[in-house]
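Written out below as structure tokens is the structure these notes cover.
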Amino acid sequence: MVTQGNDRVKALIKLLQTESDAYGPVLKRELAAAIKADPVRVQSALLEEFKTSAPLPVVHTLEEICWEDLAAALARFAAKINPDLEEGLTLLSKFTAPAAGRKDVAAPLDAMARELRPALLNAKNHAEIAGILSHYFFRVCGFQTLPSNLDVKDISFARFLRKKRGSSLCAACLYVTVGQRYGLDVNLVDLAGRVLVHLRGLHRRESLFIDPLDNGKLLSEEDCRGYIRARQIEWTDEFLSPLSSRLIVRRFIANMIYVLNKLRDERRLKYLREYLEIIKN
């Protein structure tokens, strides 16, 4: 008997709970095709079938279908000449929340940019702009950066925008994605493992740095040089080279791998290692 619509999807889900490993890949392909054809119908079927939570085999299958799709999306992202950071951050957010979409990132960023518009348009220089951004993000909005990441979800940018807490790398990207909406020359730099936001003025001679891990504290280039000297590292101008979108996405993935290595979560690590190779290559 050929089932239709939700009945067919529910039949696939029931089989996933009972069939042996030999038929698992076949059922997984069938469910993946159903998701691609009509994701709304699949979600509706899940809600009808499971009022509270789905069984673990079903959850794992749905996750793996999304993670395989994510690998293809990251490959398309990495193949671009100058990939968009916001797109990359949105894609990686799908790893912990497969339903996350562009609106979950773009909408809150657009809303913050609108609220900041009057203050930023009246700012006199880049230092005042940096101060406005830091005050708004950490004092007005209440964003919090975590000194260490114990949960891979803390590295999701979409979740960071929703929960207002997460990694310092998420906070650093907040400056970039909002600043870009105003055409600001804002990038991330890697100061020997310490990621800072680098903001340049119109004439590029004005330059300062923002530490997202220290509630947006403003730093001069001399402050940065002093930090490097204190660590007994030789200064090089490479410290001030902007991180590309690919490198930033790569760092996000590496941070996720670091967290999951501690948990020995090989199921999720397998996919993250694949993503890292995609971005590297």
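Just so you know, these numbers come straight off a predicted model, no measurement behind them.
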With a sphere of 6.0 Å drawn around CZ of R117, does it hold more than 12 non-hydrogen atoms of other residues, nucleotides or ligands?
no
Can you confirm whether more than 12 heavy atoms, excluding those of R165, are under 6.0 Å from its CZ atom?
no
Below 4.0 angstrom, N of the basic side chain to O of the carboxylate: do R225 and E221 qualify?
yes
Under the criterion side-chain contact (heavy atoms from CB on, under 4.5 Å), I'd like the reasoning laid out for I279 against F77: C-alpha separation, chi angles, the key distance, then a yes or no.
CA-CA 9 Å; I279 297 297; F77 168 83; 4.2 Å; yes
L276 reachable from L243 in the ILVMFWY side-chain graph, under 4.5 Å edges
yes
Taking all heavy atoms of L208 and all of H198, pick out the closest pair and write down the distance.
O-CD2, 3.4 Å
Starting from L213, can I reach F143 by hopping between I/L/V/M/F/W/Y residues whose side chains sit under 4.5 Å apart?
no
Give a yes or no on this: more than 12 heavy atoms of other residues, nucleotides or ligands lie within 6.0 Å of atom NZ of K270.
no
Would you mind listing every side chain to side chain donor-acceptor pair (under 3.5 Å) that reaches into residues 88-104, with sequence neighbours excluded?
D84-R102
When rounded to the nearest 0.5 angstrom, what is the spacing between CD1 in I228 and CD1 in I233?
5.0 Å
Enclosure of E238 CD (heavy-atom neighbours >12, cutoff 6.0 Å)
no
Between R246 and P83 (side chain of the first, backbone of the second, donor and acceptor by atom type, cut-off under 3.5 Å), is there such a pair?
no
Using the rule that two of Ile, Leu, Val, Met, Phe, Trp, Tyr join whenever any of their side-chain heavy atoms come within less than 4.5 Å, decide whether I248 and L109 are in one cluster.
yes
Hey, any chance V189 and V197 share a hydrophobic cluster, counting ILVMFWY side chains that come within less than 4.5 Å of each other, even indirectly?
no
One should read off an interatomic distance between E128 CD and L120 CG, to the nearest 0.5 angstrom, of 9.5 Å
About how many Å separate OG of S134 and CG of L174, when rounded to the nearest 0.5 Å?
10.0 Å
So, for L196 and L191, which heavy atoms are closest and what is the spacing to 0.1 Å?
CD1-CD2, 3.7 Å
Interatomic spacing from NE2 in H135 to CG in N215 - rounded to 0.5 Å:
12.5 Å
side-chain contact (heavy atoms from CB on, under 4.5 Å) between F209 and L240, worked out:
CA-CA 10 Å; F209 301 83; L240 304 185; 3.5 Å; yes
I need the S244 OG to L188 CG distance, nearest 0.5 Å.
10.5 Å
In this structure, CG of L260 is separated from CG of D151 (nearest 0.5 Å) by 8.5 Å
Main-chain N/O of A71 paired with Y271 side-chain donor or acceptor, under 3.5 Å
no
Take W235 and D237, measure what side-chain contact (heavy atoms from CB on, under 4.5 Å) needs, and give me the verdict at the end.
CA-CA 7 Å; W235 176 267; D237 287 340; 3.2 Å; yes
Under 3.5 Å: donor-acceptor pair, side chain of N261, backbone of Y258
no
Considering all heavy atoms, the nearest M112-C141 contact:
SD-SG, 4.4 Å
For R76, what residues pass the side-chain hydrogen bond (donor to acceptor under 3.5 Å, both in side chains) criterion, not counting sequence neighbours?
none
Here the pair of heavy atoms bringing A192 nearest to F239 is N-CE2, 3.7 Å
Looking at C170 and F160, what are the two nearest heavy atoms and their distance?
CB-CG, 3.6 Å
K280 vs R250, side-chain contact (heavy atoms from CB on, under 4.5 Å): CA-CA, chis, key distance, verdict:
CA-CA 8 Å; K280 280 182 180 180; R250 182 172 163 179; 3.6 Å; yes
Any idea how F138 and Y175 line up, ring-wise: parallel (<30°), tilted (30 to 60°), or perpendicular (>60°)?
tilted
Shortest non-hydrogen pair, R114 vs Y182, comes out as N-OH, 4.3 Å
